[in-house]
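Please read the structure below before turning to the comments.
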Amino acid sequence: MNDGMTEKDLLSGLNAPQKAAVEQVSGPVLILAGPGSGKTRVIAHRVAYLIRVIGISPQHILAVTFTNKAAREMKARVAGLASGSVTNLTLGTFHAICTRILRQEAKTLGISPQFVIYDDDDQTSVIKRSLQEINLDPKQYPPRSIASAISAAKSRMLGYQDYLQSTRSYFEEIVGRVYERYQKLLASSNALDFDDLLLNVIELFRTHTEVLKKYQNRYQHVMVDEFQDTNLVQYEIVKQISGKHRNLCVVGDPDQSIYSWRSADLRNILNFERDYPDAKVIMLEQNYRSTGTILEAAASVIKANRQRKPKDLWTKNERGSPVIVVETYDEQEEARFVASEVDRLVDSVKVKLGDCAVMYRTNAQSRALEETFIRYGTPYNLVAGTRFYERREVKDLISYLRFIQNPADSVSLLRIINVPVRGIGQKSLEYLKSLAQEKGVTEYEALHIISSGEAGDGTTTALRRSISAFVNLTKELISFSKEKDLLQLFDAIIERIGYQKYLKGESGDEERWENVRELRGVAESYRDYPPREGLSAFLEGVALVSDVDNLEEIPEKVTLITLHQAKGLEFPAVFIVGLEEGLLPHIKSFDDPGQMEEERRLFYVGITRAKRYLYIVHAFRRSTIGSRGASTASRFLGDLPPHLVQGTAKSTASSSSHTIYVWNRPIQAPTPEPAQTVIQFSEGDKVRHVQFGEGIVVSLKPFNGDFEAVVAFKGTIKKLMLSFARLEKVG
DNA sequence: GCCTCTGGATTTTTT
DNA sequence: ATCCAGAGGC
């Protein structure tokens with residue numbers, strides 16, 4: 001092995017500050033990295049450099065990323081650069097890393113290593129139950145707001161005792177009481193919420209110095225990406241782990257901080273320089289991603305924020321085309337504009353569908369886009385929507401699995417006990433809960449008491465019979481789980497509870513069953529694990545995935561994504577839609593200048609995702625919920641320098657009284673074909689579609705003066721509008 | 001105990 | 001427009 005060669009390879013092609021960032025391997029380092037400045041590249045090279053040049057074993061390196069996807073990609077990249085085994089490298093999100101530590105050290109902390117992770121959905125049901133138990137009306141105290149108050153408290157490292165002592169309002173008083181109950185319910189369910197995963201690690205390190213020392217010795221080098229979006233708890237964990245060696249490198253960009261609502265705290269970057277006065281600060285300001293025009297537009301948008309340090313971004317890239325700002329009539333036309341412009345780009349400038357992304361502020365906006373894309377037959381990839389793991393059928397099955405792994409999990413138990421219907425209803429559940437509470441046991445243990453007939457009054461023979469049957473079922477599944485792999489267990493559950501039959505007759509049963517199949521596919525990848533381990537690895541994966549983690553770059557699909565999710569990604573062509581007052585900036589930020597600046601950063605993040613083409617679209621009217629109303633163009637449009645924008649000036653009544661530039665090119669809405677030519681198909685016909693290939697027409701029905709066809713293609717079933725989807729009859 | 005109907009609320013972003 | 005919770009009927 002020639003270290004000299006390796007070193008040269010790892011540094012070649014890096015600019016001066018990038019090189020400095022890679023070579024500065026000891027002590028605290030703060031890298032302030034503008035968008036597109038090769039940040040990911042620097043981190044990957046730095047890790048590889050540590051391994052190959054400095055000779056640090058991968059097991060002594062810890063790197064934290066924002067998403068699992070980023071972790072996967074980073075690992076692959078480092079493996080390529082370091083040309084060796086990186087299996088011992090610790091690389092993941094804070095949550096994933098903390099979960100691993102907690103499973104390892106559960107005994108020390110006095111919790112069961114079988115703990116389950118509760119997501120917001122589970123969290124909400126525990127809060128509802130807590131409210132019920134202390135006789136509070138969920139109407140008056142919305143569980144979601146209580147949940148976020150509790151989460152905020154946890155992010156400030158306040159346990160319920162601390163919180164109860166520091167309450168300053170009636171609402172906080174209530175939150176404190178719910179918090180206490182909530183936390184006790186979690187404990188008895190042997191469950192942790194997302195915040196607990198982090199807090200328990202801090203607690204572990206605080207109370208067990210020998211454990212902390214172990215990790216401090218192991219992790220000689222620590223790196224954290226997206227540092228601007230970490231919260232105080234995460235900062236504390238990093239500080240603890242890197243406490244001995246002090247080789248801590250954090251990378252971030254204050255201008256891209258968009259998670260303050262999740263308690264991310266920009267002060268972490270400022271605190272960093274205070275806590276580590278000897279920190280070396282490196283600025284990455286050369287942008288390799290975007291055209292000069294896009295970069296300049298981004299810079300002048302972000303410049304409007306008061307609370308920031310100025311930064312000089314520059315690029316050697318060409319100027320490129322102007323930013324195109326378009327006003328459409330409504331959200332339908334907005335979607336049509338995007339779809340037709342995507343088509344035009346594909347035809348005229350060698351851009352693939354996969355190079356295009358549509359970004360929006362709220363998930364609800366994806367709907368109009370989806371509908372139009374379906375009509376056009378434009379293939380798209382929606383990141384999120386209703387998240388897969390939040391679908392009812394998926395949650396049902398996951399609850400069965402979670403319950404098998406940890407029968408103390410009362411949220412899961414209460415969810416599955418009557419799915420499919422077994423005659424154990426509300427009344428019985430009340431009784432069950434009170435019995436459990438009275439005896440000081442879990443609900444699962446209470447079930448055994450009832451089924452064995454030791455419960456006494458309050459039970460009927462019918463109830464005892466139903467409960468005995470359920471208890472037998474769970475016993476059977478639990479012992480099955482100890483012998484068989486995850487896939488066999490999954491199939492056994494479906495089979496034993498008759499889930500397919502249960503779904504039949506539900507609305508949207510086909511799609512639901514399809515989701516079950518998809519979940520089975522996920523389970524399949526864990527089939528080679530030993531019985532119980534497969535189960536727990538699967539559940540952990542499921543609990544900690546995010547939607548972006550599953551985003552694949554499919555060359556022939558347009559990406560639909562929220563601005564938040566788009567962070568860290570890049571696309572040759574970007575459409576930012578819904579640039580209207582109330583949407584972007586969102587109405588919730590109107591009365592808080594700090595929030596308003598965050599909205600602007602969000603817009604900035606969107607702009608800087610674009611490499612070559614940037615479109616900014618707003619609609620004149622947009623329907624929300626029931627009614628439609630006129631919208632005002634976003635004040636942020638006024639931050640775009642006129643000379644970079646293509647369009648004719650048009651003044652609007654924007655709240656900031658800026659001039660808005662609108663590109664008045666007429667939108668060419670495709671005209672539907674006359675009906676006679678449309679209805680040339682009938683059900684059962686074989687047809688061909690440009691993108692999807694051959695398929696069979698499953699059904700046809702009139703729709704808004706057009707026809708909607710459901711066509712089964714190989715692998716997928718699509719709904720298409722006949723006038724737009726260029727279907728050809730085959731045979 | 002379960003199903004169906006109606007009225008009310010509901011949309012910000014997510015590990 | 002759609003989803004959810006509570007009320008009332010079977």
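To find a chain, count down the sequence lines: A is the first, B the second, and so on, and within it residues start at 1. Below, all heavy atoms of this structure are taken into account, side chains as well, without hydrogens, waters or symmetry copies. All of these numbers come straight from a predicted model, not from anything done at the bench.
To the nearest 0.5 Å, the span separating CZ on A/Arg129 from CD on A/Gln132 amounts to 8.0 Å.
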Between the protein and nucleotides 4-7 of chain C, which nitrogen or oxygen pairs are less than 3.5 angstrom apart?
unit_1	atom_1	unit_2	atom_2	d
C/dA5	OP1	A/Lys128	NZ	3.4

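At B/dT15, none of the side-chain N or O atoms of A/Thr67 fall inside 4.0 Å of OP1 or OP2 (strictly under the cut-off). Within the structure, a side-chain polar atom (N or O) of A/Asn418 is placed less than 4.0 Å from OP1 or OP2 of B/dC2. The phosphate of B/dT14 (OP1 or OP2) has a side-chain N or O of A/Thr562 nearer than 4.0 angstrom. Close to C/dA1, at under 4.0 Å from its OP1 or OP2, lies no side-chain N or O of A/Arg367. Using a 4.0 Å cut-off, some side-chain N or O of A/Asn363 falls inside it from OP1 or OP2 of B/dT13.
A salt bridge links A/Glu371 to A/Arg367: one of the charged nitrogens lies within less than 4.0 Å of a carboxylate oxygen. Ion pairing of A/Lys39 with A/Glu226 is present here, as a side-chain N (NZ or NE/NH1/NH2) and a carboxylate O approach within less than 4.0 Å. For the pair A/Glu597 and A/Arg308, the salt-bridge criterion is not met [side-chain N within less than 4.0 Å of a carboxylate O].
Residue contacts for A/Asp120: at a heavy-atom cut-off of 4.0 Å it reaches a base atom on one of the strands shown. At the heavy-atom level, A/Gln565 lies under 4.0 Å from the strands shown only through sugar-phosphate atoms. Across all strands, A/Ser589 comes closer than 4.0 Å to no nucleic acid atom at all (heavy-atom distances).
Taking the ring pair (Phe, Tyr, Trp, His ring centres under 6.0 Å) definition, one finds that A/Phe205 meets it with A/Tyr215, sequence neighbours left out. Residues passing the ring pair (Phe, Tyr, Trp, His ring centres under 6.0 Å) test with A/Tyr118, sequence neighbours excluded: none.
Closest-nucleotide positions on DNA chain B for A/Pro142 and A/Trp261 were compared, and the one nearer the 5' end corresponds to A/Pro142.
The nearest whole Å value for the distance from the CD1 atom in A/Ile117 to the C1' atom in B/dT14 is 15 Å. The nearest whole Å value for the distance from the CZ atom in A/Arg144 to the P atom in B/dT13 is 12 Å. One interatomic measurement links the two molecules: CD1 of A/Ile417 to P of B/dG1, which rounds to 12 Å at whole-angstrom precision.
If you look at A/Trp261 and A/His564, their ring centroids are closer than 6.0 Å.
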